[in-house]
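Quick notes on the structure that follows.
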Amino acid sequence: MLRIIFLLSLLFALSNASVQDFCVANLKRAETPAGYPCIREIHVKASDFVFSLATPGNTTNIISAAVTPGFVAQFPALNGQGISTARLDLAPKGVIPMHTHPGASEVLFVLDGSITAGFVSSANSVYVQTLKPGQVMVFPQGLLHFQINAGKTAAAAFVTFSSASPGLQILDFALFANTLSTELVAATTFLEPKVIKTLKGVLGGTG
């Protein structure tokens, strides 16, 4: 009988536990593994839940592309929500190089133009598709993937992630934009040292 009373009491307590609707990030405080601390609800405004991705990014760069992030650092209301977003803009011949998001899966929604996108599975199977406006493609968490402008006009897309901080590692920059020695890169990629040094020069790496 005492066990039944205890279980009923526990269930009652759990059913009345407080539920936090949101936790707008206090970016002045340090981020923790559980996210940012919340600003006090009395200071939260409706505008905190709105973020604009209307402005195209600047594509005058080495990849002729731009990513405008809407992660928790830019959009504090995402804190604790497990989602985030970004805008991709690709000039003609623009490319988002091979990269991964260690902390999230990604969904790409094409707005304008034509984008060839794809990913490589852990079994080295390749999945590539050319997408038109209104089409959507998913990239599983942690897998290498890319996007390329497949047309002759500018292309744009929105992406969403299954994390407020999805993380990002671009393969080319990881290999050629740091201080890893040319000899080690050559030994682990089978590329010629001359090619590696050229790429390091382009991307700002040393060694």
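- When atom types are taken as modelled, the side chain of K200 and the backbone of T206 share a donor-acceptor pair closer than 3.5 angstrom.
- Aromatic rings from F109 and F158 are positioned such that their centres are separated by 6.0 Å or more.
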F75/F49 under ring-ring contact (aromatic ring centres under 6.0 Å, His included): CA gap, chis, key distance, verdict: CA-CA 8 Å; F75 191 5; F49 300 95; 8.2 Å; no
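- Between the side chain of T189 and the backbone N or O of V185 there is at least one donor-acceptor pair closer than 3.5 Å.
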Hey, mind stepping through F119 and H145 against ring-ring contact (aromatic ring centres under 6.0 Å, His included) and telling me if it holds? CA-CA 4 Å; F119 66 89; H145 60 285; 8.0 Å; no
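- A donor-acceptor pair is defined here as one N or O able to donate and one able to accept, closer than 3.5 Å; such a pair exists between the side chain of N79 and the backbone of C23.
- In this structure, I63 and P97 have side chains that are in contact, with non-hydrogen atoms separated by less than 4.5 Å.
- The backbone N or O of P102 lies less than 3.5 Å from a partner atom in the side chain of Q141, making a donor-acceptor pair.
- With contacts defined as side-chain heavy-atom distances shorter than 4.5 Å, the pair L203/I62 qualifies.
- P166 is listed as a side-chain neighbour of S84, based on a closest heavy-atom distance under 4.5 Å.
- Residues S165 and V72 are in side-chain contact: their nearest non-hydrogen atoms beyond the backbone lie under 4.5 Å apart.
- In this structure, the side chains of P37 and R29 come closer than 4.5 Å at one or more pairs of heavy atoms.
- One finds the CG atom of L171 at 8.5 Å from the OG1 atom of T100 (value rounded to the nearest 0.5 Å).
- Using modelled atom types, one finds a donor on one side chain and an acceptor on the other under 3.5 Å when comparing T116 with T130.
- Proximity of a side-chain donor or acceptor of R87 to a complementary backbone N or O of A157 within less than 3.5 Å is not detected.
- L175 places none of its side-chain heavy atoms less than 4.5 Å from the side chain of F173.
- Put simply, the residue from V136, L108, L53 that forms a side chain to side chain contact (heavy atoms under 4.5 Å, CB included) with V159 is L108.
- Between atom CG of residue N149 and atom NZ of residue K93 there is a gap of 11.0 Å, rounded to the nearest 0.5 Å.
- Distance alone, capped at 3.5 Å, is enough to place a donor-acceptor pair between the N178 side chain and the A174 backbone.
- The CD1 atom of I148 sits 11.0 Å away from atom OG of S114, with the distance rounded to the nearest 0.5 Å.
- Inter-residue side-chain proximity for V128 and F146 is flagged as met; some heavy-atom pair is nearer than 4.5 Å.
- Although no hydrogens or angles enter the test, the distance criterion places a donor-acceptor pair under 3.5 Å between the side chain of N61 and the main chain of A65.
- Taking OG of S162 as the reference point, atom CD of E106 lies at 10.0 Å (rounded to 0.5 Å).
- Of all heavy-atom pairs spanning G113 and V110, the tightest one is O-CG1, 3.8 Å.
- L90 is listed as a side-chain neighbour of I115, based on a closest heavy-atom distance under 4.5 Å.
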